[in-house]
Amino acid sequence: MIYEETYRYLIRHVSSKEFDTCLYSLLHMDWDGVIQSPLHKMAKGIGTTEKYLKKIIKKFSSPQVGCGRKIFLPIQQEITKYKFNLGPTGSLRFNSKKDRYCKKYRFFYSNAFRSLSLPSKRLLLIAAFNMSVNKSEEVSLHFDEIVHSECSLFKRQDVLDAMETVNQKLGDMVTFTIASSVFTRKEIILASFKEGMLKDYLENRTERMLVRKTIYEAGFLEYIEDKVCMELERVGKYIYRSFLKAAHGPIKDDLLKLARFVYSTSLKKFGKVLSSKKHLLADPKQASAYFSTIVYNEALEQLATYAHQAACIKNLIEREHLHRGISEESLARNVDYIEVNEHIEMIRVKHDKAFKIHRTLSIWCEDWVISRVNSVIVGTEDTDQKSIRGKKRILKKDQSISDYLNSLKKHTYEQLEKHITMYQNVNNNESVLDVLKQKKEAIRSYFAIQKDHMKN
């Protein structure tokens with residue numbers, strides 16, 4: 001989507017090729033806002049040279065007039081990539097009920113549009129934004145507002161020339177005319193889009209490309225159909241949205257990075273087993289269910305990791321004599337309690353972050369099990385009927401609800417036991433073992449309650 005912040009910036013502060021660069025970026029970025037397109041492909045898509053594109057990237061990588069920040073944030077990976085830093089691009093964090101946006105209409109990516117003058121592009125974007133917001137292919141714009149409010153660079157003749165240019169080059173899609181308001185007698189601009197243009201937009205398929213790429217690199221070389229990719233993406237969106245919902249304060253960015261890690265790592269593991277489980281590809285729902293289980297296993301592994309990390313940091317914090325010695329050595333004098341406390345403050349911050357992430361993962365893992373149970377049990381006292389309507393899990397023909405719950409319970413137990421065994425011989429493991437054992441007991445109690453409900 002072209003969100004309002006991005007729209008305002010495009011109207012006021014970019015050149016013609018920078019305009020196209022931003023539009024291209026919106027179509028080729030992942031849920032984290034990272035543009036997943038090679039430089040040569042991006043230059044070709046924009047209709048310019050790699051040399052000129054590098055100049056645009058260099059400019060966008062510096063704080064910009066109009067927004068006070070960098071448009072492109074460098075992301076250091078094997079190859080430097082850039083995060084698009086306008087609008088709520090990161091990880092699905094927009095509100096469809098509040099945020100105003102323009103859809104990425106197909107004509108924005110046509111050669112005809114790229115050949116337009118900058119005023120023509122601005123005028124067409126203004127009209128398209130209004131079409132998208134108002135959901136009408138007939139758009140009315142006040143002439144005076146366009147000239148004096150929307151963009152100070154617009155002069156009367158600029159608008160008239162832009163209208164004529166758009167009519168000549170894109171007249172089969174939209175036509176601009178000047179009219180007079182019946183009520184105010186003031187000039188208005190009428191933009192009439194061709195019927196069907198409101199729904200003629202492009203979808204960002206970057207995540208789908210990444211799904212196929214990740215699975216391919218994991219060793220499964222066959223093509224993954226769209227219907228399977230869509231189901232895997234739904235699980236990915238659930239990870240992001242549920243992590244984002246739980247994210248507050250300083251751990252938000254860490255949780256979103258963790259969401260990407262869990263999703264990508266799970267896709268790799270899914271790709272590694274697909275060769276022996278090709279039957280999953282014949283049923284997208286079964287593929288999604290199997291993948292979701294891999295995601296749960298990975299989240300549980302991260303839960304144990306962060307619990308252990310928090311325990312180790314806490315153990316370090318409690319070694320006051322160590323911190324006192326370090327402080328006295330660095331200051332060459334005796335230190336008091338306050339100075340020692342200041343020394344370990346950053347360590348406390350790290351502990352607080354690790355602990356909060358561990359708690360978030362703990363709740364997430366419980367919710368995952370509960371959602372799986374609720375997907376097959378309808379009518380229990382703890383089930384919100386409305387929330388699960390249409391989401392009931394389709395069981396195999398030879399599988400009863402009881403068998404499914406036993407299978408789910410067995411799997412969760414096995415995963416917890418695996419981690420309990422692993423941490424029994426690890427230093428600072430008491431806290432981690434307590435967490436895992438408590439989790440196992442909570443799940444045991446939950447399944448016992450569900451079985452009692454089924455009996456009644």
Side-chain angles (χ1 to χ4, degrees), residues 1-14 18-33 35 60 64-72 83-109 113 116 118-154 159 162 166 170 173-174 176 188-204 206-207 237 240-241 244-245 252 256:
M1 303 300 180
I2 306 171
Y3 296 102
E4 188 162 16
E5 182 185 23
T6 308
Y7 160 75
R8 298 288 179 192
Y9 186 78
L10 290 175
I11 293 299
R12 291 177 172 85
H13 302 291
V14 297
E18 290 167 358
F19 198 112
D20 297 335
T21 301
C22 289
L23 290 180
Y24 183 92
S25 301
L26 293 172
L27 192 62
H28 296 86
M29 64 186 186
D30 62 22
W31 292 332
D32 302 305
I35 304 164
F60 279 176
Q64 296 298 295
V65 175
C67 65
R69 63 176 182 274
K70 299 175 182 179
I71 305 302
F72 283 178
K83 180 176 180 178
F84 190 73
N85 195 33
L86 277 178
T89 56
S91 317
L92 317 173
R93 61 176 91 187
F94 68 95
N95 186 327
S96 59
K97 295 181 179 179
K98 293 182 179 180
D99 294 333
R100 296 187 349 139
Y101 59 85
C102 177
K103 294 179 180 177
K104 297 184 288 289
Y105 293 110
R106 192 179 301 276
F107 59 76
F108 284 140
Y109 301 91
F113 181 85
L116 292 175
L118 181 57
S120 300
K121 290 179 179 178
R122 287 172 171 161
L123 180 63
L124 189 48
L125 176 60
I126 292 170
F129 189 88
N130 279 270
M131 173 175 69
S132 186
V133 169
N134 299 321
K135 296 180 173 56
S136 172
E137 290 161 351
E138 296 295 326
V139 175
S140 173
L141 306 169
H142 291 286
F143 198 100
D144 287 345
E145 290 183 3
I146 294 295
V147 173
H148 298 115
S149 299
E150 281 288 354
C151 180
S152 61
L153 298 178
F154 265 138
V159 176
V166 173
L170 288 166
M173 299 181 188
V174 58
F176 284 94
I188 59 174
I189 299 172
L190 297 178
S192 299
F193 288 89
K194 185 182 72 174
E195 185 178 353
M197 291 297 292
L198 191 58
K199 297 181 179 179
D200 190 18
Y201 56 88
L202 297 178
E203 293 184 4
N204 187 337
T206 303
E207 285 293 338
K237 287 180 181 178
Y240 266 85
R241 285 171 174 154
L244 185 62
K245 185 178 179 181
K252 178 175 287 187
L256 293 177

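Listed here is the closest heavy atom pair of Val139 and Ala127: CG2-O, 3.7 Å. Across all non-hydrogen atoms, the minimal contact from Ser25 to Phe72 is OG-CZ, 3.6 Å. Considering every non-hydrogen atom in both Leu123 and Val159, the closest pair reads CD2-O, 4.2 Å. In terms of heavy-atom proximity, Ser120 sits nearest to Ala162 at OG-CA, 3.4 Å. Looking at every heavy atom in both residues, Ile188 comes nearest to Ser140 through CD1-OG, 3.8 Å.
To the nearest 0.5 Å, atom CE of residue Met131 and atom CD1 of residue Ile126 are 14.0 Å apart. The line from CG of Asp200 to OH of Tyr105 is 9.5 Å long, rounded to the nearest 0.5 Å. Taking CG from Asp20 and NZ from Lys121, the interatomic distance works out to 3.5 Å, rounded to the nearest 0.5 Å. Put simply, CZ on Arg106 and CE on Met173 are 9.0 Å apart, with the number rounded to the nearest 0.5 Å. Note that CG of Asn204 is 10.0 Å distant from CG of Leu202, once rounded to the nearest 0.5 Å. In this structure, NZ in Lys83 is found 6.5 Å from CG in Asp32, a value given to the nearest 0.5 Å.
A search for side-chain hydrogen bond (donor to acceptor under 3.5 Å, both in side chains) contacts involving Glu203 returns Arg205, not counting sequence neighbours. Every residue meeting the ring pair (Phe, Tyr, Trp, His ring centres under 6.0 Å) condition with Phe129, not counting sequence neighbours, appears here in chain and number order: Tyr7. Annotation: ring pair (Phe, Tyr, Trp, His ring centres under 6.0 Å) contacts of Phe176 (sequence neighbours excluded): none.
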Q: Under the side-chain contact (heavy atoms from CB on, under 4.5 Å) rule, what do Leu26 and Phe84 come out as? Steps first, then yes or no, please.
A: CA-CA 8 Å; Leu26 293 172; Phe84 190 73; 3.6 Å; yes
Q | Trace of the side-chain contact (heavy atoms from CB on, under 4.5 Å) decision for Tyr201 with Ser132 | A | CA-CA 10 Å; Tyr201 56 88; Ser132 186; over 6 Å; no
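Here the side chain of Asp30 pairs no donor or acceptor atom with the backbone of Thr206 at under 3.5 angstrom. Judged by distance alone, the side chain of His13 and the main-chain N or O of Tyr9 form no donor-acceptor pair under 3.5 Å. Under a 3.5 Å cut-off, the side chain of Asn85 and the backbone N or O of Lys70 do form a donor-acceptor pair. Looking only at distances, a side-chain donor or acceptor of Asn134 sits under 3.5 Å from a matching main-chain atom of Asn130. The main-chain N or O of Leu198 is found under 3.5 Å from a side-chain atom of Glu137 such that the two form a donor-acceptor pair.
Contact annotation: the side chain of Leu170 never approaches that of Phe193 to less than 4.5 Å [non-hydrogen atoms, C-beta and beyond]. Put simply, the side chain of Arg69 reaches to within 4.5 Å of the side chain of Leu86, judged on heavy atoms. Side chains of Met1 and Lys103 form a contact here, defined as non-hydrogen atoms less than 4.5 Å apart. Phe107 places none of its side-chain heavy atoms less than 4.5 Å from the side chain of Val174. Proximity of Trp31 to Glu207: side-chain heavy atoms (C-beta onward) are separated by under 4.5 Å at one or more points. Taking 4.5 Å as the limit, every side-chain heavy atom of Arg122 sits out of range of all side-chain heavy atoms of Leu10.
No more than 12 heavy-atom neighbours from other residues, nucleotides or ligands sit within 6.0 angstrom of NE2 on His142.
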